[in-house]
Amino acid sequence: MSKYNVVDLFSGVGGLSYGFSKMEEFNILAANEIEKDISIAYSLNHPKVKMLNCDINQLTEEKFQEILKGQSVDLIVGGPPCQSYSTLGKRQMDERANLFMQYKRILNILQPKAFVFENVSGILSMDKGRLFEKVKSEFEELGYILKSELLDAVNYGVPQHRERVILVGFKGKNNFEYPHPTHGEKLKPYITLAEAIGDLPSIKSGQTNNSFNSSISNEFLDFVRKPNETMTEHSAPNNGSHLIKIMEALKDGQSKDDLPEDIRPKSGYGNTYAKLWWDKPSTTITRNFACPSSSRCIHPRDSRAMSIREGARLQSFPDDYKFYGSDGMKRLEIGNAVPPLLSKVIAEQMLIALENN
């Protein structure tokens, strides 16, 4: 059986590593993450992986020789921070927008057979589409044959619409086939909020309850819930009375424009101060998923801000996956991650392509 060595760049908390780490054919040698707390969270979940907690600029050829000790790298995975490309952000061509050149530099050092470059859908329209063309031309310069596709995590059993550009490069023939959707029209129904978090107890603003209803069961809960694991992180942020009044006035799926004028916020976009739908998947969650004045993220049943556990569930993180740092840091770790169920199908397809090559 072949064993493929992997390096994860801009690893975050390890969502993209997850799928590869669960397959014995892959061996993740090292991961790079600049944020200290996030690097600790990664190591809590991937203790055998060498964590390189540093600016990617510091990863030199000599550093890799020291770390890898003569081992070759077959696959690089990862995606630079997406804030510069996000349609929710300021979308500026700053230093972070050019971090793909650091990715290219390390591809050039390690010369893997293949790579998976992941990013937000906004990268496609950045600089009128020129940025993504630039990314591809830089990688092609190194001799990689490329394929790219926009995947929505909801089509692979994640209870959230989350579009991600997956760019795959291979030296020589590129046999990679993108995973076929498992959920959607004429397939299994999408996983809804009710299915993903309906077993968690109803709590109000400021409350905590780490029990859950084990009699509620479905395919998604079979994946995220772990036998004998106690629930953690199910605490609702403590909001003021006026915000609670706003949240309680909203019905399922409503937004601030549906509120009575006397309590309607004067500022904010149409999807701020908005409830999710109980019987639909979530919209894309961000690091601000506990902030009701951010994009749609109010709990539809309990009329409150979402707990960290609920955010993790909507990303398809198993309940025993560990996050580290302040509550704000944990939300950042969750909100910026690749959903584990999406990484799982990408890893499965990558193995097939590597074997066929």
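As the structure is a computational prediction, the values presented were derived from the model and not from experiment.
- A donor-acceptor contact shorter than 3.5 Å links the side chain of T60 to the backbone of K63.
- Rounded to the nearest 0.5 Å, atoms NZ (K245) and CG (L250) are 13.0 Å apart.
- The backbone N or O of G253 sits less than 3.5 Å from a side-chain atom of R296, completing a donor-acceptor pair.
- The shortest side-chain heavy-atom distance between T284 and E163 does not fall under the 4.5 Å cut-off.
- For the pair I166 and R164, the minimum side-chain heavy-atom distance is below 4.5 Å.
- Side chain of E138 to main chain of K104: no donor-acceptor pair is present (N/O by atom type, distance under 3.5 Å, no hydrogens or angles).
- Remark: K3 is not positioned above the aromatic ring of F26, lacking an NZ or CZ atom under 6.0 angstrom from the ring centre and at most 45 degrees off the axis.
- With ring centers used as reference points, Y103 lies under 6.0 Å from F139.
- Using a 4.5 Å heavy-atom threshold, the side chains of P339 and Y18 count as separate.
- In terms of modelled atom types and a separation under 3.5 Å, the side chain of D302 and the main chain of I203 share a donor-acceptor contact.
- Looking at every heavy atom in both residues, F212 comes nearest to R225 through CE1-CD, 3.2 Å.
- Counting heavy atoms from C-beta on, the side chains of M23 and E348 come closer than 4.5 Å.
- Under a hydrophobic-cluster definition in which Ile, Leu, Val, Met, Phe, Trp and Tyr are linked whenever side-chain heavy atoms come within less than 4.5 Å, directly or via other members, V165 and I145 are assigned to different clusters.
- Residues T283 and L276 form a side-chain contact, since some pair of their non-hydrogen atoms from C-beta on lies under 4.5 Å apart.
- For the side-chain contact (heavy atoms from CB on, under 4.5 Å) criterion with N5, the lone passing option out of I76, L75, D74 is D74.
- Put simply, the residue from V154, L341, I285 that forms a side-chain contact (heavy atoms from CB on, under 4.5 Å) with Q160 is I285.
- Contact of the Q111 side chain with the S72 side chain is not registered, since no non-hydrogen atoms from C-beta on lie closer than 4.5 Å.
- How far CD of Q207 is from CG of N238: 9.5 Å, rounded to the nearest 0.5 Å.
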Chi angles and distances behind the side chain to side chain contact (heavy atoms under 4.5 Å, CB included) call for N357, L354: CA-CA 5 Å; N357 254 39; L354 285 165; 5.7 Å; no
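- Checked by atom type and distance alone, the side chain of N119 pairs as donor or acceptor with a backbone atom of P80 at under 3.5 Å.
- Clustering ILVMFWY residues whenever any of their side-chain heavy atoms sit less than 4.5 angstrom apart, transitively, puts L59 in the very cluster that holds L99.
- Under a 3.5 Å cut-off, the side chain of E333 and the backbone N or O of Y324 do form a donor-acceptor pair.
- Both cation-pi conditions hold for K226 and F223: the charged atom is under 6.0 angstrom from the six-membered ring centre and inside a 45 degree cone around its axis.
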Side chain to side chain donor-acceptor pair (under 3.5 Å) between S303 and K275, worked out: CA-CA 8 Å; S303 301; K275 267 190 177 175; 2.8 Å; yes
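- Residues Y190 and N155 have side chains in contact (heavy-atom distance under 4.5 Å, counting atoms from C-beta outward).
- Taken together through direct or relayed side-chain contacts under 4.5 Å among Ile, Leu, Val, Met, Phe, Trp and Tyr, I34 and Y42 form parts of separate hydrophobic clusters.
- Side-chain contact of Y156 with S316: a donor-acceptor pair under 3.5 Å is absent, judged by distance alone.
- A 4.5 Å side-chain heavy-atom check between F132 and S148 finds at least one atom pair inside the cut-off.
- Formation of a donor-acceptor pair under 3.5 Å by the S255 side chain with backbone atoms of N271 is not found in this model.
- With hydrogens and angles ignored, the 3.5 Å screen pairs no side-chain donor or acceptor of R304 with any backbone N or O of S205.
- Summarising the geometry, atom NZ belonging to K69 is positioned 6.5 Å from atom CD belonging to E66; distances are rounded to the nearest 0.5 Å.
- No continuous path of ILVMFWY side-chain contacts below 4.5 Å connects L243 to M306, so the two sit in separate hydrophobic clusters.
- The distance from the CG atom of N356 to the CG atom of L351 is 9.5 Å, given to the nearest 0.5 Å.
- No single ILVMFWY cluster, assembled from side-chain heavy atoms under 4.5 Å apart, contains both I40 and L332.
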